[in-house]
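Below is one structure, written out as structure tokens; the observations come after it.
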Amino acid sequence: MSFGNHVQFKVYQQHEKNIIPVSYEELEAKAKEKLENKPYYYVAASAGAEITAKQNNKAFEKWQIVPRMLCDTSSRNLSIELFGRKYAYPVLLAPVGVQSIVHPEGELATARAAAAMDVPFIASTASTYSLEKIAGEMGQAPRWYQLYWSKDREIAASMVKRAEAAGYDAIVITLDTPMMAWREKDIENAYLPFLEAQGIGNYLEDPVFCSRLDKSPQEDLQAAIMLWARVFGNPTLTWEDLEFIKAQTSLPILLKGILHPEDARLAVEHGVDGIIVSNHGGRQVDGAIAAIEALPEIVDAVKGDIPILMDSGIRRGSDILKALAIGAKAVLVGRPYMYGLALAGEEGVKQVLRNLLADFDLTLALSGKRTVSELNRDLLKRV
Ligand SMILES: Cc1cc2nc3c(=O)[nH]c(=O)nc-3n(C[C@H](O)[C@H](O)[C@H](O)COP(=O)(O)O)c2cc1C
Ligand SMILES: O=C(O)C(=O)c1ccccc1
């Protein structure tokens, strides 16, 4: 029995073991009930009037699947290959910072769930727990590291080297957040978790960061938080700076936050290994193009030179199918797993992933396809 049918069966038979809602809308509503307003809105809300956040979902409706029949889809294989490594599914857990605001175990619980489900976890620079502690929960399971490139480039270099030493398989450099956007809810709530020392674990354990302090973070946490606030983002970066990071590591480097086809071309020209089409879940430039809308032109511009991943708005199996048919190699999910984490820790993240992967597997089969490599735009109609 293929993955999706198996999960479906189990869910029908062991209904009582379903500890989180199956539908995304219910999942979000339950997380809202459970969490305090400040952390809930930190996760759920976006920039400005949240036009882009809404478009990220609405825009998927403009792409319709035109299923094929009589294709013998009884057995399927969802695996993909990226940078010479095989992955079981075309899905990764997006880098999400400060996970301790929704669950005390934060990234550690997410890391265990990712490892158990064989889905790579992209650990954020803004994690509450350090990248070494996160790796310590994952055995040999696949993991990538997301870099927020510090104003102090020696800190950025140090983090990349630590990630390589801790067994991370790729470096994702996020470009769209050299500073936090205008997020109305967080401003109304006067909420910035970092000021409460959450989400800075990678800095507090970084030798270069600590060398810039007069006293250790244990002795003077406030001074460490102030230094973090000064060095976190780096709006001075240009394409020329990429050489510096490339020289620090032999791992593949992906750029996250690409929306313009010309930036996608520049990424290829500057020798990066992959890009992630993303508007940060609508949390940065409100009014920015929906990620799924940006994808086709970027796929056409890159012409297969490097793999393209995407995120922002992936909620169900059909969203994954559409992104892959347009030309993405894999997708990242963000908020859905944060709600699973909020509601039920590690088990909650596992169930979110299980449900999403089962939904994707069934949608693939019912569309007449058996593998990710069989997907292309012939399966879609743009309306
Ligand atoms: C609470 C929260 C924190 C995030 N933190 C980071 C981060 O530290 N680094 C990063 O590259 N992206 C971060 N993101 C963006 C995600 O990686 C991803 O782009 C986005 O969540 C995808 O959209 P979705 O939530 O609609 O799936 C964060 C998103 C959320 C919701
Ligand atoms: O909240 C975010 O979207 C985000 O990317 C972030 C930025 C800095 C620290 C933690 C998370």
Side-chain angles (χ1 to χ4, degrees), residues 24 27-28 31 35 38-47 50 52-60 91-103 106-107 110 121-128 131 134 144-150 159 171-183 185-186 191-203 225 228-229 231-234 254-259 275-285 288 290-292 309-316 319-320 323 331-342 352 356:
Y24 176 74
L27 189 64
E28 185 173 60
L35 294 170
K38 286 179 178 184
Y40 170 73
Y41 283 111
Y42 187 81
V43 175
S46 297
E50 309 197 338
T52 295
K54 289 188 191 84
Q55 278 302 314
N56 279 342
N57 301 122
K58 281 300 278 181
F60 276 99
V91 174
L92 300 91
L93 291 183
V96 171
V98 283
Q99 297 191 13
S100 58
I101 65 175
V102 306
H103 191 280
E107 299 88 11
T110 298
F121 178 33
I122 311 180
S124 164
T125 290
S127 298
T128 292
L131 65 93
I134 293 169
W144 295 5
Y145 181 69
Q146 177 263 324
L147 179 71
Y148 274 132
W149 186 320
S150 171
M159 287 185 175
I171 302 292
V172 170
I173 306 179
T174 298
L175 303 179
D176 56 19
T177 312
M179 59 198 87
M180 214 72 104
W182 189 252
R183 297 181 184 168
K185 280 288 180 195
D186 299 340
Y191 186 55
L192 204 55
F194 317 99
L195 300 183
E196 297 159 20
Q198 302 201 65
I200 61 174
N202 278 318
Y203 296 84
I225 293 171
W228 174 84
V231 302
F232 167 73
N234 187 350
L254 296 91
L255 301 181
K256 175 170 181 274
I258 300 289
L259 291 170
I275 59 175
I276 304 178
V277 174
S278 168
N279 56 34
H280 211 100
R283 298 164 70 80
Q284 288 300 98
V285 178
I292 196 69
L309 284 65
M310 79 78 72
D311 75 22
S312 300
I314 298 289
R315 300 291 176 259
R316 289 190 162 82
D319 301 330
I320 303 175
V331 300
L332 284 52
V333 284
R335 291 184 183 89
Y337 85 83
M338 282 296 280
Y339 297 141
L341 178 66
V352 165
L356 187 66

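As the structure is a prediction and not an experimental result, all values here were calculated from the model. All ligand and atom numbering here is 1-based and tracks the order in the structure. Heads up: numbering here begins at 1 and tracks the sequence.
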* To do: Output yes when the distance from some N or O of ligand 1 to some N or O of V333 is under 3.5 Å, and no in every other case.
  => no
* Structure fact -> Residues passing the side-chain hydrogen bond (donor to acceptor under 3.5 Å, both in side chains) test with D186, sequence neighbours excluded, are none
* Structure fact -> Here the atoms of ligand 1 under 4.0 Å from any heavy atom belonging to V43 are 1 (C), 31 (C)
* Look at the side chain of E107 and the backbone N and O of Q99, then say whether any donor-acceptor pair between them is shorter than 3.5 Å. => yes
* Within the distance-only criterion (no hydrogens, no angle test), does the side chain of R315 pair as donor or acceptor with the backbone N or O of P336 below 3.5 angstrom? -> no
* Asked: Do G334 and ligand 1 have an N or O pair less than 3.5 Å apart?
  -> yes
* Asked: Can you check whether N57 reaches Y24 side chain to side chain, under 4.5 Å on heavy atoms?
  -> no
* Structure fact -> Here the atoms of ligand 1 under 4.0 Å from any heavy atom belonging to Q146 are 7 (C), 8 (O), 9 (N), 10 (C), 11 (O)
* Structure fact -> Per-atom filter on ligand 1: closer than 4.0 angstrom to a heavy atom of R315 are 24 (P), 25 (O), 26 (O), 27 (O)
* Identify, chain by chain and in numerical order, each protein residue with a heavy atom under 4.0 Å from an atom of ligand 2. => Y42, A126, Y148, M180, R183, F194, F232, H280, R283
* Taking Q198 for its side chain and T128 for its backbone only, find out whether a donor-acceptor pair lies under 3.5 Å. => no
* Asked: Do any N/O atoms on D311 end up under 3.5 angstrom from N/O atoms on ligand 1?
  -> yes
* Under-4.0 Å heavy-atom contact with ligand 1, by part of T174 that carries it -> side chain
* Structure fact -> atom 25 (O) of ligand 1 has as its nearest protein heavy atom R335 N, 3.0 Å
* Asked: If you measure from atom 8 (O) of ligand 1 to every heavy atom of S124, A45, S127, P39, which option wins on shortest distance?
  -> S124
* To do: Please confirm whether the backbone N or O of N56 pairs with a side-chain atom of S312, one donor and one acceptor, at under 3.5 Å?
  => no
* Asked: Taking the side chain from Q55 and the backbone from A291, do they hold a donor-acceptor pair closer than 3.5 Å?
  -> no
* To do: Check the pair E196, S100 against side-chain contact (heavy atoms from CB on, under 4.5 Å), reporting the backbone distance first and the verdict last.
  => CA-CA 11 Å; E196 297 159 20; S100 58; over 6 Å; no
* Non-hydrogen atom of N56 closer than 4.0 Å to ligand 1 -> no
* Within a distance under 4.0 Å of any heavy atom of S278, pick out the atoms of ligand 1 and give their elements. => 19 (O)
* What are the atoms of ligand 1, with element, lying closer than 4.0 Å to any heavy atom of G97? -> 3 (C), 4 (C), 5 (N), 6 (C), 7 (C), 8 (O)
* Looking only at side chains, do Q146 and S124 share a donor and an acceptor under 3.5 Å apart? -> yes
* Asked: Can T125 and Y145 be counted as having a side-chain donor-acceptor contact under 3.5 angstrom?
  -> yes
* Would one find an N or O of P95, backbone or side chain, under 3.5 Å from an N or O of ligand 1? -> yes
* To do: Give a yes or no on whether the backbone of K256 and the side-chain of S278 come within a donor-acceptor separation of less than 3.5 Å.
  => no
* To do: Please step through side-chain contact (heavy atoms from CB on, under 4.5 Å) for the pair I320 and L356, ending with a clear verdict.
  => CA-CA 9 Å; I320 303 175; L356 187 66; 3.8 Å; yes
* **Under 3.5 Å donor-acceptor, N202 side chain and L131 backbone** => yes
* Which residue and non-hydrogen atom of the protein lie closest to atom 3 (C) of ligand 1, and at what distance in Å? -> V96 CG1, 3.5 Å
* Structure fact -> closest protein heavy atom to atom 20 (C) of ligand 1 is G281 N, 3.8 Å
* Asked: Any donor-acceptor pair under 3.5 Å linking the side chain of R283 with the backbone of M180?
  -> no
* Structure fact -> For K256, the ligand 1 atoms with a heavy-atom partner under 4.0 Å come out as 10 (C), 11 (O), 12 (N), 15 (C), 16 (C), 17 (O), 18 (C), 19 (O)
* To do: Compare H280, Q99, R283, M338 and give the one whose heavy atom is closest to atom 30 (C) of ligand 1.
  => R283
